[in-house]
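The structure under discussion appears below in the form of structure tokens.
The structure presented is a predicted model; accordingly, all values stated were derived computationally and were not measured. When a ligand or atom number is given, it counts from 1 through the structure's own listing order.
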Amino acid sequence: MSKSLIVYGSTTGNTETTAEYVAEAFENKEIDVVLKNVTDVGVADLSGYDIVLFGCSTWGEDEIELQDDFIPLYDSLEDADLKGKKVSVFGCGDSDYTYFCGAVDAIEEKLEKMGAEVVGDSLKIDGDPDRDEIIGWGSGIAAQI
Ligand SMILES: Cc1cc2nc3c(=O)[nH]c(=O)nc-3n(C[C@H](O)[C@H](O)[C@H](O)COP(=O)(O)O)c2cc1C
């Protein structure tokens with residue numbers, strides 16, 4: 001059985017809900033899921049999984065700001081051995097802002113820089129999380145593990 005870790009940072013609960021739907025999609029595909037708030041995760045916790053998914057909402061006005069809790073993990077990703085590791089990124093935002101889901105792009109860029117293998121396109125949720133959309137995305141990622 002494949003093993004996955006889903007790490008999320010969420011202030012008002014939207015990315016947390018998204019992470020739960022992704023977990024549901026993975027479990028439907030018989031993939032073992034560990035779902036964790038980023039407040040409980042350090043780089044040492046990222047190993048031992050077939051795929052790690054990162055979920056983070058975007059804040060800030062004129063520049064991209066990651067969700068507060070996610071910043072320490074983002075900053076320490078340089079210390080993680082991510083070469084060849086399968087990863088995928090999702091997050092919630094609002095397309096009225098200049099940098100729609102900018103945190104998703106920033107995290108994906110850093111993971112690529114660290115040599116991780118980004119699986120599939122990232123998922124950017126505009127407004128409230130839509131269960132069907134998220135389950136569909138998660139199923140697509142699960143099929144590529
Ligand atoms: C002050 C403020 C700044 C925000 N900045 C952005 C932004 O730059 N880009 C974006 O896509 N969404 C932005 N958002 C929207 C949030 O990312 C969105 O509400 C998201 O659903 C929050 O997810 P969370 O509940 O998981 O934290 C902002 C929201 C607020 C209140």
Side-chain angles (χ1 to χ4, degrees), residues 2-29 31-80 82 85-145:
S2 297
K3 276 190 77 175
S4 68
L5 172 67
I6 304 176
V7 185
Y8 64 87
S10 183
T11 299
T12 64
N14 286 334
T15 307
E16 181 175 11
T17 299
T18 304
E20 287 166 357
Y21 291 149
V22 175
E24 192 181 325
F26 272 44
E27 280 163 356
N28 287 344
K29 300 285 181 191
I31 295 169
D32 186 57
V33 177
V34 175
L35 179 65
K36 284 192 173 181
N37 192 307
V38 72
T39 52
D40 299 324
V41 176
V43 281
D45 303 312
L46 302 179
S47 54
Y49 298 95
D50 297 296
I51 187 167
V52 179
L53 290 95
F54 298 88
C56 180
S57 54
T58 304
W59 297 81
E61 304 276 351
D62 301 325
E63 56 178 26
I64 297 166
E65 283 179 25
L66 272 63
Q67 192 271 342
D68 276 348
D69 300 329
F70 210 98
I71 294 169
L73 183 68
Y74 178 84
D75 287 345
S76 60
L77 281 178
E78 277 115 22
D79 303 326
L82 296 171
K85 181 174 263 308
K86 286 186 174 174
V87 296
S88 199
V89 189
F90 62 93
C92 296
D94 181 336
S95 57
D96 286 342
Y97 287 89
T98 311
Y99 300 106
F100 172 55
C101 286
V104 170
D105 294 330
I107 293 165
E108 195 168 80
E109 201 174 297
K110 188 153 190 179
L111 291 168
E112 277 172 347
K113 212 172 102 190
M114 300 304 301
E117 180 194 336
V118 178
V119 175
D121 291 334
S122 60
L123 174 67
K124 297 177 176 178
I125 302 289
D126 192 3
D128 293 335
D130 178 88
R131 185 173 176 276
D132 289 347
E133 179 190 8
I134 297 161
I135 298 267
W137 180 82
S139 304
I141 299 296
Q144 296 178 65
I145 298 172

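- At under 3.5 Å, a nitrogen or oxygen of C101, whether backbone or side chain, sits near a nitrogen or oxygen of ligand 1.
- E24 places no side-chain N or O within 3.5 Å of a backbone atom of E20 that could act as its donor or acceptor partner.
- Interface of T15 with ligand 1, defined as ligand atoms under 4.0 Å from a residue heavy atom, comprises 23 (O), 24 (P), 26 (O).
- Taking distance alone, with nitrogen or oxygen atoms compared against 3.5 Å, G13 approaches ligand 1 more closely than that limit.
- Among G60, A19, C56, S57, the residue whose heavy atom lies closest to atom 3 (C) of ligand 1 is G60.
- Among the atoms of S95, none of the N or O lies under 3.5 angstrom from an N or O of ligand 1.
- The single protein non-hydrogen atom nearest to atom 9 (N) of ligand 1 is Y99 O, 2.9 Å, given as residue, atom name and distance.
- We find that K113 and E78 are not joined by a salt bridge, their nearest charged nitrogen and carboxylate oxygen being 4.0 Å or further apart.
- For the pair T11 and D68, the minimum side-chain heavy-atom distance is 4.5 Å or more.
- Heavy atoms of Y97 found under 4.0 angstrom from ligand 1 belong exclusively to the side chain.
- For G127, no nitrogen or oxygen atom sits less than 3.5 Å from a nitrogen or oxygen atom of ligand 1, counting backbone and side chain alike.
- Among the atoms of T58, some N or O lies under 3.5 angstrom from an N or O of ligand 1.
- L123 is listed as a side-chain neighbour of E133, based on a closest heavy-atom distance under 4.5 Å.
- In terms of polar-atom proximity, defined here as any N/O pair under 3.5 Å, S10 does make such a contact with ligand 1.
- Per-residue contacts place C92 under 4.0 angstrom from the following atoms of ligand 1 (heavy atoms of the residue considered): 17 (O), 20 (C), 21 (O), 23 (O).
- Under the side-chain contact (heavy atoms from CB on, under 4.5 Å) rule, V89 has a single partner from L53, D105, I107, V118, which is I107.
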Give the C-alpha distance, both sets of side-chain angles, the deciding distance and a yes or no for salt bridge (Lys or Arg N to Asp or Glu O under 4.0 Å) between D45 and K36. CA-CA 10 Å; D45 303 312; K36 284 192 173 181; 5.1 Å; no
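- Counting protein heavy atoms only, atom 15 (C) of ligand 1 is closest to D94 CB, 3.7 Å.
- Atom 31 (C) of ligand 1 has W59 CZ3, 3.3 Å as its closest protein atom, hydrogens excluded (heavy atom only).
- Between E61 and ligand 1, no pair of N/O atoms sits closer than 3.5 Å.
- Between I51 and V87, every side-chain heavy-atom pair lies at or beyond the 4.5 Å cut-off.
- With distances taken over non-hydrogen atoms, the option nearest atom 19 (O) of ligand 1 out of N14, V104, T11 is N14.
- Put simply, the side chain of E65 reaches to within 4.5 Å of the side chain of E63, judged on heavy atoms.
- Checked against a 3.5 angstrom limit, the closest N/O atoms of Q67 and ligand 1 fall outside it.
- Taking 4.5 Å as the limit, every side-chain heavy atom of S139 sits out of range of all side-chain heavy atoms of N28.
- Atom 25 (O) of ligand 1 has T12 OG1, 2.3 Å as its closest protein atom, hydrogens excluded (heavy atom only).
- F90 pairs in a side-chain contact (heavy atoms from CB on, under 4.5 Å) with only one of the listed residues (I6, I125, V104), which is I6.
- Side-chain atoms of Y8 and V38, non-hydrogen and from C-beta on, never get closer than 4.5 Å to each other.
- Those atoms of ligand 1 with a heavy atom of F100 less than 4.0 angstrom away are 11 (O).
- More than 12 heavy atoms of other residues, nucleotides or ligands lie within 6.0 Å of CG in D40, so this atom counts as buried by the packing criterion.
- Counting heavy atoms under 4.0 Å from ligand 1, residue E65 does not touch it at all.
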